[in-house]
Student: 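Got a structure for you, questions after.
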Number of protein chains: 2
Amino acid sequence: MYLEPTVQRGEVRDRRPVPCAGCIVRQESICGCLSDDGLVALSRLGRKIHLKRGTTLLWEGAEAALVGNVLRGVLKISTMAHDGRERIVGLAYPGDFVGRPFGRSSLHNLTALCDAELCVFGRGAFEMFAAEHGEIEHALLRRALDDLDDARRWLLLLGHKTARQRVASLILEVAERLGRWAPDNIVTLPFSRQQMADILGLAMETVSRSFSQLHAAGVIGLPGGRQIGIRDMAELVAEAGD
Amino acid sequence: MYLEPTVQRGEVRDRRPVPCAGCIVRQESICGCLSDDGLVALSRLGRKIHLKRGTTLLWEGAEAALVGNVLRGVLKISTMAHDGRERIVGLAYPGDFVGRPFGRSSLHNLTALCDAELCVFGRGAFEMFAAEHGEIEHALLRRALDDLDDARRWLLLLGHKTARQRVASLILEVAERLGRWAPDNIVTLPFSRQQMADILGLAMETVSRSFSQLHAAGVIGLPGGRQIGIRDMAELVAEAGD
DNA sequence: CGAGCAGTTGATCATTATCAAAGACGGTGG
DNA sequence: CCACCGTCTTTGATAATGATCAACTGCTCG
């Protein structure tokens with residue numbers, strides 16, 4: 001599945017031919033492009049880490065020492081504004097690649113919104129590996145291009161959507177990216193109202209009001225906590241607009 | 001400088017050892033990473049095109065047949081919203097790479113805001129070339145990562161900046177990306193007020209008012225047309241905020 | 001059981017969109 | 001060279017949306 005940090009290099013080469021065989025995000029992550037041999041080599045550079053909710057892995061401005069894949073949980077990509085408020089510029093879901101390889105220090109913080117698991121690599125080691133494995137660079141490129149398309153969708157949202165449209169859009173994104181819902185189409189949001197507000201460029205109160213409106217309209221249910229029941233998916237999509 | 005479309009393949013191999021030697025954006029573009037041999041090979045796939053202001057090179061949804069580098073001018077990356085209004089999600093300046101290689105059809109239109117020149121390649125041919133030249137994929141990756149950082153800066157702008165901050169930010173970006181200004185720190189904007197509004201997520205009237213305010217504050221001059229005089233750079237940076 | 005925090009709801013204010021009209025600019029043709 | 005037309009821009013008045021300030025609710029955790 002993965003190489004424990006405690007395992008020494010080279011020792012287990014023969015006993016674990018395909019260390020990532022059980023990885024839950026292997027197909028969706030950039031590792032999906034590698035041959036078994038490549039996976040063995042890469043896994044030797046990586047280790048799995050657990051982050052508790054609220055833990056920050058990468059710091060804005062600091063030399064980003066790590067890159068990696070998200071296995072479980074959701075992380076926020078953020079910066080601190082001059083007024084001290086946090087600005088969230090992106091989210092990382094399972095299968096996403098995080099960190100900033102190649103030049104430039106990290107422009108953003110990377111923080112776990114809920115308990116999370118990642119498979120991380122030292123940046124230098126990963127870059128050297130990538131230099132020797134064109135497939136990985138290609139996979140990274142495709143992903144970066146997709147991330148860019150995603151960021152541009154968010155530009156549309158922040159540039160032109162109303163509060164309700166933004167909230168509906170975010171619910172839909174989480175429902176899609178976190179995939180399987182509980183029965184009754186219930187999605188558990190990994191963020192607080194304030195964090196949603198930071199993501200959507202709104203005030204917390206406005207987010208709350210939008211939820212109430214969507215609830216009153218019968219589009220969603222609010223069973224409590226951070227759970228959202230999607231009562232009328234078609235209408236929710238319509239509310240999300242554009 | 002570049003290979004004219006009329007020149008036959010293979011004919012000029014020896015007479016033009018470095019066809020891109022005079023290219024104005026060679027160092028800033030992804031081609032900067034190539035050896036002379038690589039440049040010769042790539043230039044054989046490309047051709048230079050001129051676009052008149054308003055011409056659209058790539059259409060949303062259509063199979064994007066071309067990719068390339070911007071040599072001169074500024075292009076907008078846009079989509080059409082349901083209400084028929086245009087939503088601009090990005091700009092491409094000289095040295096930028098445009099188009100969507102590898103999978104996915106283009107999600108956006110690509111349109112010249114002013115007369116422009118590009119060095120373009122057939123997408124398939126370019127992808128094959130990239131597959132054989134890891135340097136190019138690497139350069140594309142670095143650029144895609146930079147573009148992603150840029151897009152996230154725009155997210156901050158659209159998410160949290162006021163109208164005046166947005167306008168000031170855009171003036172600064174154009175001043176920086178279009179580089180050399182005329183005497184008196186004059187920048188010529190490549191877009192109409194309406195286009196600026198589409199870019200900044202504002203109404204055209206609000207953009208106009210913001211200009212008037214910055215003018216009244218003595219930060220900028222408005223000599224006429226699309227020209228902006230930067231009277232007080234420090235203050236303009238302060239106005240741009242965050 | 002109470003303290004503290006996240007979330008909701010209400011009232012008011014600020015910013016920006018929208019609607020409307022006047023003014024400036026650029027190109028065209030006399 | 002100038003007058004005219006259409007388009008782009010500016011300015012004004014009003015309305016809508018969301019931010020801010022404030023009170024209150026419900027929940028969780030000592």
Side-chain angles (χ1 to χ4, degrees), chain A residues 52-54 81 83-87 113-114 156-171 188-217 220-229 239 241-242, chain B residues 52-54 81 83-87 113-115 157-171 188-217 220-229 239 241-242:
Chain A
K52 286 221 171 305
R53 180 155 77 95
D83 63 6
R85 278 190 49 172
E86 178 171 51
R87 305 284 153 91
L113 287 171
C114 49
L156 292 180
L157 182 148
L158 291 176
H160 296 283
K161 288 193 181 182
T162 65
R164 259 169 76 167
Q165 290 178 317
R166 295 183 198 197
V167 169
S169 301
L170 184 57
I171 295 172
T188 301
L189 299 178
F191 13 71
S192 68
R193 293 286 186 271
Q194 181 57 61
Q195 285 166 338
M196 291 190 70
D198 291 331
I199 294 165
L200 297 172
L202 297 169
M204 190 223 313
E205 296 90 331
T206 306
V207 173
S208 184
R209 274 183 250 271
S210 301
F211 269 110
S212 301
Q213 288 168 17
L214 290 171
H215 186 216
I220 60 172
L222 294 171
R226 292 175 176 182
Q227 297 193 320
I228 307 292
E239 288 276 4
D242 282 49
Chain B
K52 286 222 172 303
R53 180 153 78 96
D83 63 6
R85 278 188 52 174
E86 178 172 52
R87 305 282 154 93
L113 287 170
C114 51
D115 289 357
L157 183 148
L158 292 176
H160 297 281
K161 287 194 181 181
T162 65
R164 259 168 77 168
Q165 289 179 317
R166 295 183 197 195
V167 169
S169 301
L170 185 57
I171 295 173
T188 301
L189 299 178
F191 15 67
S192 69
R193 292 286 186 271
Q194 181 57 61
Q195 286 166 339
M196 291 189 71
D198 291 331
I199 294 166
L200 297 173
L202 298 169
M204 189 222 315
E205 295 91 331
T206 306
V207 173
S208 184
R209 275 184 250 269
S210 301
F211 270 109
S212 302
Q213 289 167 17
L214 291 171
H215 185 217
I220 60 171
L222 292 172
R226 294 176 174 183
Q227 298 194 319
I228 308 291
E239 287 277 4
D242 283 50

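Every chain is numbered from 1 and lettered A, B, ... according to where its sequence line falls, protein lines coming before strand lines.
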Student: Do the side chain of B/Asp115 and the main chain of B/Arg53 share a donor and acceptor less than 3.5 angstrom apart?
Tutor: yes
Student: Nearest nucleotide by nearest heavy atom, which residue falls closer to the 5' end of DNA chain D, B/Gln194 or B/Arg209?
Tutor: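 Checking each residue's closest nucleotide, the 5'-ward one belongs to B/Gln194.
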Student: Within the structure provided, determine whether A/Arg226 and A/Ser192 are in side-chain contact (heavy-atom separation under 4.5 Å).
Tutor: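 Yes; the side chains approach each other to less than 4.5 Å.
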Student: Can you pull out how bent the helix from C/dC1-D/dG30 to C/dG30-D/dC1 is, comparing the axes over its first five and last five pairs, to 10°?
Tutor: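 Roughly 40°, once rounded to the nearest ten degrees.
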Student: Looking at A/Arg164 and A/Leu214, would you say the former's side chain and the latter's main chain have a donor-acceptor pair under 3.5 Å?
Tutor: no
Student: Rounded to the nearest Å, what distance is computed from the CD atom of residue B/Gln227 to the P atom of nucleotide C/dC25?
Tutor: 12 Å
Student: Within this structure, what is the NE2-to-P distance between B/His215 and C/dA24, rounded to whole angstrom?
Tutor: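 Value for this atom pair: 14 Å.
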Student: Taking the side chain of A/Arg193 as its heavy atoms from C-beta onward, which of C/dT9, C/dT8, C/dT18 lies nearest to it?
Tutor: C/dT8
Student: With a 4.0 Å cut-off on heavy atoms, is B/Ser192 in touch with a base, just the backbone sugar-phosphate, or nothing at all?
Tutor: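 If one applies the 4.0 Å heavy-atom cut-off, B/Ser192 turns out to touch the sugar-phosphate alone, with no base involved.
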Student: Quick one: B/Lys161 NZ to C/dT16 C1', roughly how many Å, whole number?
Tutor: 18 Å
Student: Please find the pair of heavy atoms, one from A/Arg85 and one from A/Leu202, that lie closest to each other, and give the distance.
Tutor: NH2-O, 4.2 Å
Student: To the nearest 0.5 Å, what is the distance between CZ on B/Arg209 and CZ on B/Arg193?
Tutor: 13.0 Å
Student: For B/Ser208 and B/Met204, indicate whether the former's side chain and the latter's backbone hold a donor-acceptor pair under 3.5 Å.
Tutor: no
Student: Take atom CD of A/Glu205 and atom P of C/dT12, then tell me their distance rounded to the nearest Å.
Tutor: 16 Å
Student: Between C1' on C/dT8 and CE on A/Met196, what's the gap in Å once rounded to a whole number?
Tutor: 15 Å
Student: Please determine if a side-chain N or O atom of B/Thr162 lies less than 4.0 Å away from the OP1 or OP2 oxygen of C/dT15.
Tutor: no
Student: Of all nucleotides in DNA chain D that come within under 4.0 Å of a heavy atom of chain A, which is furthest toward the 5' end and which toward the 3' end?
Tutor: D/dG18 to D/dC21
Student: Taking the side chain from B/Arg166 and the backbone from B/Leu200, do they hold a donor-acceptor pair closer than 3.5 Å?
Tutor: yes
Student: When the distance from CG of B/Leu222 to C1' of C/dC25 is rounded to whole Å, what number comes out?
Tutor: 14 Å
Student: Kindly compute the distance separating CD (A/Gln165) from CG (A/Leu157), expressed to the nearest 0.5 Å.
Tutor: 8.5 Å
Student: Starting at CG of A/Leu170, measure out to CE of A/Met196 and round the result to the nearest 0.5 Å.
Tutor: 4.0 Å
Student: How many whole angstroms separate atom CG of A/Asp198 from atom P of C/dA6?
Tutor: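 Those two atoms, CG and P, are 13 Å apart.
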Student: Under 4.0 Å, counting only non-hydrogen atoms across every strand here, what does B/Ala163 touch: a base, just sugar-phosphate, or nothing?
Tutor: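 The residue B/Ala163 makes sugar-phosphate contact but no base contact.
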